[in-house]
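Every heavy atom of this structure was used, including side-chain atoms; hydrogens, water molecules and symmetry mates were not.
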Amino acid sequence: MGRLRRVFDALMDWYGPQGWWPLGPAVRYHKGKYDQPSTGREVFEVYIGAILTQNSTWTGACQAMGRLRALRAMTPRALLALPDEVLEEAVRPARYLRQKARYLRAIASFFLLLKGRIPSREELLTVRGVGKETADSILLYAHHQPVFVVDAYTRRVMAALGVIRGDEEYDTIRALFEKELPADEILYNEYHALFVEHARRYYSKKPYGTGDPLITGFPVKRTRQKDTA
DNA sequence: AGCCAGGCTACCG
DNA sequence: CGGTAGCATGGC
């Protein structure tokens with residue numbers, strides 16, 4: 001039963017590889033070797049990006065990262081050395097500058113303690129500002145662990161397709177994907193990115209899912225959403 | 001002019 | 001527990 005696989009194939013067919021976290025052009029995707037962030041710097045940039053994009057736009061997060069780069073503060077030590085006002089000003093385009101400045105400090109300290117080790121999900125969740133989606137994003141996009149990232153878009157799309165109700169626990173939805181799909185880092189990477197690409201088009205404004213070709217083109221059984229449970 | 005971003009924490013009942 | 005207010009923005 002490859003429902004989820006078919007959805008992936010359709011999205012991949014329509015949008016192509018997204019090459020997220022964006023370590024290099026999508027070309028490299030086809031070379032089989034997904035360009036892995038090997039240096040500590042690149043890994044740390046994913047940590048930073050994961051915080052900065054929370055409930056925000058990628059453009060805003062990029063602007064903030066550009067400011068940090070200009071300040072030469074894309075390493076944990078350099079970031080921690082910034083005065084509060086400077087760090088907050090750099091974060092501004094990514095929203096919640098006060099909060100995210102705190103979060104960035106927390107995760108920079110955490111990153112230093114790791115000394116290059118890959119953290120567990122539980123460890124990540126102890127960091128202030130790191131919730132489930134952020135933890136999973138870091139595991140997947142920075143450390144290449146086969147963890148499926150669930151976000152608001154994932155819920156909307158899958159609920160519209162009748163695969164879920166939409167109010168399930170985060171971990172329930174993650175488990176569903178990880179059960180139905182092979183534990184493939186690159187697959188999860190692209191899938192999540194494709195969800196974002198697709199949902200930005202059809203699931204940004206209400207009513208969600210209007211004109212979604214997944215719905216018109218993939219008749220998914222939606223007849224018993226309510227009666228079980 | 002609104003509406004909406006790739007959430008998280010804290011605090012409420 | 002579940003539900004939600006609040007969080008120092010900027011682009012389409």
Interatomic distance where [atom1] belongs to [X] and [atom2] belongs to [N] [whole Å]:
{"X": "Lys132(A)", "N": "dC8(B)", "atom1": "NZ", "atom2": "P", "result": "10 Å"}
{"X": "Lys206(A)", "N": "dA5(B)", "atom1": "NZ", "atom2": "C1'", "result": "14 Å"}
{"X": "Tyr170(A)", "N": "dT9(B)", "atom1": "OH", "atom2": "C1'", "result": "17 Å"}
{"X": "Leu124(A)", "N": "dT9(B)", "atom1": "CG", "atom2": "P", "result": "12 Å"}
{"X": "Ile51(A)", "N": "dC8(B)", "atom1": "CD1", "atom2": "P", "result": "8 Å"}
{"X": "Glu169(A)", "N": "dG3(C)", "atom1": "CD", "atom2": "C1'", "result": "12 Å"}
{"X": "Arg201(A)", "N": "dG6(B)", "atom1": "CZ", "atom2": "C1'", "result": "16 Å"}
{"X": "His192(A)", "N": "dG7(B)", "atom1": "NE2", "atom2": "C1'", "result": "12 Å"}

Charged N to carboxylate O below 4.0 Å: is that the case for [X] and [Y]?
{"X": "Arg174(A)", "Y": "Asp171(A)", "result": "yes"}
{"X": "Asp136(A)", "Y": "Lys132(A)", "result": "no"}
{"X": "Glu88(A)", "Y": "Arg98(A)", "result": "yes"}

Do His144(A) and Asn189(A) have side-chain N/O donor and acceptor atoms under 3.5 Å apart?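 Side-chain D/A pair, His144(A) to Asn189(A): absent.
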Select base, sugar-phosphate, or nothing to describe what [X] touches, counting heavy atoms under 4.0 Å on all strands.
{"X": "Gly60(A)", "value": "nothing"}
{"X": "Lys100(A)", "value": "nothing"}
{"X": "Val91(A)", "value": "nothing"}
{"X": "Val130(A)", "value": "sugar-phosphate"}

- [ ] Output the distance between atom CE (Met12(A)) and atom CG (Leu187(A)), rounded to the nearest 0.5 Å.
- [x]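 Here the rounded value is 8.0 Å.
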Annotated structure of DNA chain B as dot-bracket, pair cut-off 3.5 Å, Watson-Crick or G-U only, | for inter-strand, is .||||.|||||||
**Prompt:** Does the side chain of Ile48(A) come within less than 4.5 Å of Leu79(A)'s, by heavy atoms?
**Reply:**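 A side-chain contact exists here, since the closest heavy-atom pair is under 4.5 Å.
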**Asked** Rounding to the closest angstrom, what is the interatomic distance between dA8(C) and dC3(B) at atom P?
**Response**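 Straight-line distance between the two P atoms is 22 Å.
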*asked:* When the P atoms of dG6(C) and dG6(B) are compared, how many Å lie between them, rounded to an integer?
replied: 23 Å
### Message
Looking at Arg156(A), I'd like to know whether one of its side-chain N or O atoms comes within less than 4.0 Å of OP1 or OP2 on dA5(B).
### Response
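Arg156(A) to dA5(B) OP1/OP2: side-chain N or O found under 4.0 Å.
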**Prompt:** So, is the end of the Arg156(A) side chain (NZ or CZ) under 6.0 Å from the ring centre of Tyr208(A) and within 45° of the ring's axis?
**Reply:** yes
Comparing nearest nucleotides in DNA chain B, the 5'-proximal residue of the pair Ala135(A), Ser204(A) is Ser204(A)
Heavy-atom pair with the smallest gap, counting every atom of [X] and [Y]:
{"X": "Pro146(A)", "Y": "Asp184(A)", "result": "CB-N, 4.1 Å"}
{"X": "Pro76(A)", "Y": "Phe44(A)", "result": "N-CE2, 3.4 Å"}
{"X": "Leu140(A)", "Y": "Glu185(A)", "result": "CD1-O, 3.6 Å"}

Measure from the ring centre of Trp20(A) to the centre of the six-membered ring in the base of dG6(B), then say whether that distance is under 5.5 Å and the planes meet at under 30°. yes
Per-nucleotide protein contact along nucleotides 4-12 of chain C, 5' to 3', at a 4.0 Å heavy-atom cut-off (B base, S sugar-phosphate only, - neither), is --BBBBSS-
